[in-house]
Amino acid sequence: MLLLNFLLVSIFSLFQISCNGQSTNNNISAFALLSLSGATAEATLEDKFQSVQSTTYYRKDGNLQFQDIVIEYKLKTTKEDSESVIGYMGNPNEISYNSKTGIISGQITEIEDSFKNNSIVFSYSDYTKKFKFYLTLKKEGKIISIREITSTPPNAPTIPPNTITLPSISYETERSITYNGGIPTEYQIIRVKFQNSPDLSTFKRLDAYLGRPNIISLAADNFNVINYMKVSSYDKYAGYFFFSSGELYASYKIIVVGSTDDAKGNRSIDTVPPPPPASPCAGSLTAPITIGNCATHCLVVNLVGNQMEYIAKTSVGTTTEEYLYLDSSSSTVSGSSGPVGLEYIEHFSPISIGAYQTNPSTFDVTSYNNACVVLSSYLVQEGPGGFKDTYLTTKVIVP
């Protein structure tokens with residue numbers, strides 16, 4: 001009640017000031033005072049979308065004719081765990097976004113890019129209608145960036161009545177890493193090709209559809225595809241259909257459809273995800289182990305309790321050697337410094353006959369976090385026979 005009285009008094013004072021010819025600044029100050037009393041300010045949004053585009057496809061299933069609208073996007077920065085991309089679909093004159101409340105209303109449906117495919121697929125059973133879409137980036141449930149897109153209805157194709165056999169298809173898949181601001185993002189890349197380089201010049205349409213093996217399927221006309229996730233047109237210059245997915249370990253079914261002036265056909269293939277990259281510790285040896293020949297140059301590794309020890313050794317068989325250098329070192333598989341620093345010995349003429357070795361290097365395996373360690377040794381000898389050197393390195397499992 002006090003707040004209401006305050007507002008009424010303020011409004012009355014504002015009009016009184018205006019009528020008395022007071023300055024505009026005073027009026028503005030009064031309006032500012034009213035704003036502080038509870039008026040809603042517009043949310044400040046940042047454009048975090050690098051690009052957004054929509055493509056509309058026609059689809060027929062039985063007597064129903066659908067349009068599938070694929071909204072594809074790229075973000076300027078890598079999406080955080082607390083962020084999500086959600087698309088809203090509605091009639092152009094009904095769906096709207098209120099910048100003050102940050103709420104979208106009047107939508108027919110909304111879909112989240114839950115599988116991080118950088119695309120969202122909307123479907124509607126009337127292929128002649130135009131729709132408006134809002135693509136939003138939300139953080140902790142609040143819109144922080146928004147793009148508006150309007151779709152164009154597809155043209156209904158003439159589906160040929162006859163059936164042809166498409167050329168055989170194959171696929172290849174691999175992992176790919178992109179970096180955005182130094183942050184790596186890994187994708188599964190799939191390329192679908194026609195085998196044996198067939199002549200495709202008579203085909204008026206060649207499209208490939210990717211989806212879940214038990215969900216994607218051909219429509220009743222054996223030409224259109226339903227319940228797919230992504231679609232790709234044939235790139236005649238590259239010679240394949242291209243797909244990328246953020247699901248590294250997912251298997252997919254891909255259906256390829258094609259048509260000429262008087263025939264249509266399809267092919268399908270099931271994919272297997274690419275194998276994970278080999279472990280950086282693949283090929284590691286288990287201590288105790290001796291690498292090389294200690295009569296010339298070796299690296300001896302032992303494990304006693306929680307302590308791993310390694311020593312570089314060599315042997316000199318003549319008194320004519322003029323220079324001898326021998327070291328031992330450790331590092332991680334990524335190339336960083338290992339648990340123990342460099343140990344080395346260096347001798348100049350005269351050099352006696354006998355065995356030589358570095359000081360033992362020891363570290364506690366329980367305080368070393370990597371699964372393996374890289375141990376190395378470098379030997380240099382110089383004498384009447386000239387200069388010679390050898391290098392030993394191996395990966396050893398750290399239990």
**OP:** Please report the closest heavy-atom contact between Ser361 and Glu343, naming both atoms and the distance.
**Re:** OG-CG, 3.3 Å
Original post:
So how far is it from Thr394 OG1 to Leu285 CG, rounded to the nearest 0.5 Å?
Top reply: 4.0 Å
Under 3.5 Å, which donor-acceptor pairs link side chains of residues 215-222 to any protein atom two or more places apart or in another chain?
from: Asp221; atom 1: OD1; to: Phe223; atom 2: N; distance (Å): 2.8
from: Asp221; atom 1: OD1; to: Asn224; atom 2: N; distance (Å): 2.9
from: Asp221; atom 1: OD2; to: Asn224; atom 2: ND2; distance (Å): 2.7

Subject >> Under 3.5 Å donor-acceptor, Thr56 side chain and Thr152 backbone >> reply: yes
**OP:** Using the side-chain contact (heavy atoms from CB on, under 4.5 Å) rule, take Ser51 and Phe49 through it: C-alpha gap first, then chi angles, then the decisive distance, then the call.
**Re:** CA-CA 5 Å; Ser51 63; Phe49 290 98; over 6 Å; no
Subject >> Donor-acceptor contact below 3.5 Å, side chain Thr358 vs main chain Ala312 >> reply: yes
**OP:** Go through the structure and list residues passing side chain to side chain contact (heavy atoms under 4.5 Å, CB included) with Thr77, not counting sequence neighbours.
**Re:** none
Subject >> Apart from Ile254 itself, residues in the same hydrophobic cluster as defined by side-chain heavy atoms under 4.5 Å >> reply: Ile164, Leu166, Ile169, Tyr171, Ile190, Val192, Phe194, Leu200, Phe203, Leu206, Leu210, Met229, Tyr234, Phe241, Phe243, Tyr252, Val256, Ile269, Val272
**OP:** Could you go through the side chain to side chain donor-acceptor pair (under 3.5 Å) check for Tyr391 and Ser377 one step at a time?
**Re:** CA-CA 6 Å; Tyr391 180 72; Ser377 176; over 6 Å; no
Subject >> Non-hydrogen side-chain atoms of Val333 and Val374 separated by less than 4.5 Å >> reply: yes
Original post:
Looking at Thr286 and Ile289, what are the two nearest heavy atoms and their distance?
Top reply: O-CB, 3.7 Å
**OP:** With the side chain counted from C-beta on, respond yes when Phe363 and Val373 share a heavy-atom pair under 4.5 Å apart, and no when they do not.
**Re:** yes
**OP:** Using modelled atom types only, decide if a donor and an acceptor are shared between the side chain of Asp113 and the backbone of Asn118 within a distance under 3.5 Å.
**Re:** yes
Original post:
Quick one: does Lys130's side chain get under 4.5 Å of Thr150's, heavy atoms only?
Top reply: yes
Original post:
Short question: side chain of Lys395, backbone of Pro280 - any donor-acceptor pair under 3.5 Å?
Top reply: yes
**OP:** Quick one: pull up CG in Asp327 and OG in Ser329 and give me the separation to the nearest 0.5 Å.
**Re:** 5.5 Å
Subject >> Pairwise distance CG(Asn370) to OG(Ser334) - rounded to 0.5 angstrom >> reply: 7.0 Å
Original post:
Do the side chains of Val257 and Val231 join up, straight or via other hydrophobic residues, at under 4.5 Å, putting them in one cluster?
Top reply: yes
Subject >> Lys76, NZ: over 12 other non-hydrogen atoms inside 6.0 angstrom >> reply: yes
**OP:** Give the minimum heavy-atom separation between Val300 and Cys294, together with the two atoms involved.
**Re:** CG2-SG, 4.0 Å
Original post:
So, do Arg267 and Thr165 sit near enough that their side-chain heavy atoms are less than 4.5 Å apart?
Top reply: yes
Original post:
Is Ile111 close to Val121 at the side-chain level, that is, under 4.5 Å between some pair of heavy atoms?
Top reply: no
Subject >> Whether Asn98 side chain and Lys100 backbone form a donor-acceptor pair below 3.5 Å >> reply: yes
Original post:
Pairs in or reaching into residues 203-213: which pass side chain to side chain donor-acceptor pair (under 3.5 Å), with residues at least two apart or in two chains?
Top reply: Arg205-Asp207, Arg205-Tyr209, Asp207-Ser233, Arg212-Glu247
Original post:
Can Tyr88 and Thr136 be counted as having a side-chain donor-acceptor contact under 3.5 angstrom?
Top reply: no
**OP:** Working to the nearest 0.5 Å, report the span between CD1 of Ile149 and CD1 of Ile71.
**Re:** 5.0 Å
Subject >> Whether Asn117 side chain and Ser119 backbone form a donor-acceptor pair below 3.5 Å >> reply: no
Original post:
Is the backbone N or O of Pro160 less than 3.5 Å from a side-chain atom of Lys264, with the two atoms forming a donor-acceptor pair by type?
Top reply: yes
**OP:** Sequence neighbours left out, what pairs pass ring-ring contact (aromatic ring centres under 6.0 Å, His included) with at least one residue falling in residues 56-84?
**Re:** Tyr58-Tyr127
Original post:
Can you check whether Leu324 reaches Thr314 side chain to side chain, under 4.5 Å on heavy atoms?
Top reply: yes
**OP:** Taking atom CG of Asp47 as the centre, report whether more than 12 heavy atoms of other residues, nucleotides or ligands fall under 6.0 Å from it.
**Re:** yes
Subject >> Sole residue of Glu83, Lys139, Lys138, Lys48 in side-chain contact (heavy atoms from CB on, under 4.5 Å) with Ser145 >> reply: Lys48
**OP:** Could you tell me whether Arg191 sits above the aromatic face of Tyr240, with NZ or CZ closer than 6.0 angstrom to the six-membered ring centre and within 45 degrees of the axis?
**Re:** yes
Original post:
Side-chain contact, heavy-atom cut-off 4.5 Å: Ile177 with Arg175?
Top reply: no
**OP:** May I ask you to test the Ile103-Tyr97 pair for a side-chain heavy-atom distance under 4.5 Å?
**Re:** no
Subject >> Over all atoms of both residues, closest heavy-atom pair of Ser123 and Arg59 >> reply: OG-NH2, 3.4 Å
Original post:
With no hydrogens and no angle check, is any side-chain donor or acceptor of Asp235 less than 3.5 Å from a backbone partner on Ala238?
Top reply: yes
Subject >> Any side-chain donor near an acceptor of the partner, Thr390 and His297, under 3.5 Å >> reply: yes
Original post:
Under the side-chain contact (heavy atoms from CB on, under 4.5 Å) criterion, do Ile351 and Glu322 qualify, and how do the steps go?
Top reply: CA-CA 7 Å; Ile351 299 175; Glu322 299 173 356; 5.9 Å; no
Original post:
Around Asn369, counting heavy atoms of other residues, nucleotides and ligands shown, do more than 12 lie under 6.0 Å from its CG?
Top reply: no
Original post:
Quick one: side chain to side chain contact (heavy atoms under 4.5 Å, CB included) partners of Tyr323, sequence neighbours excluded?
Top reply: Tyr325, Glu346, Phe348, Val380, Glu382
**OP:** Over all heavy atoms of both residues, which pair between Gly87 and Leu135 is shortest? Give the atoms and the distance, please.
**Re:** CA-CD1, 4.1 Å
Subject >> Ile189 side, atom CD1; Glu172 side, atom CD - distance, nearest 0.5 Å >> reply: 11.0 Å
Original post:
Counting distance only, does the side-chain N/O of Ser279 pair as donor-acceptor with the main-chain N or O of Cys281 below 3.5 Å?
Top reply: yes
Original post:
Where is the tightest heavy-atom contact between Asn302 and Ala287, given as atom of each residue plus distance?
Top reply: C-CB, 4.3 Å
Subject >> Working for side-chain contact (heavy atoms from CB on, under 4.5 Å), residues Val85 and Glu112 >> reply: CA-CA 6 Å; Val85 174; Glu112 179 180 353; over 6 Å; no
Original post:
Where the side chain of Gln67 meets the backbone of Lys129, is there a donor-acceptor pair that is under 3.5 Å apart?
Top reply: yes
Original post:
Say you draw a straight line from CD1 of Ile86 to CD of Gln107; how long is it, rounded to the nearest 0.5 Å?
Top reply: 10.5 Å
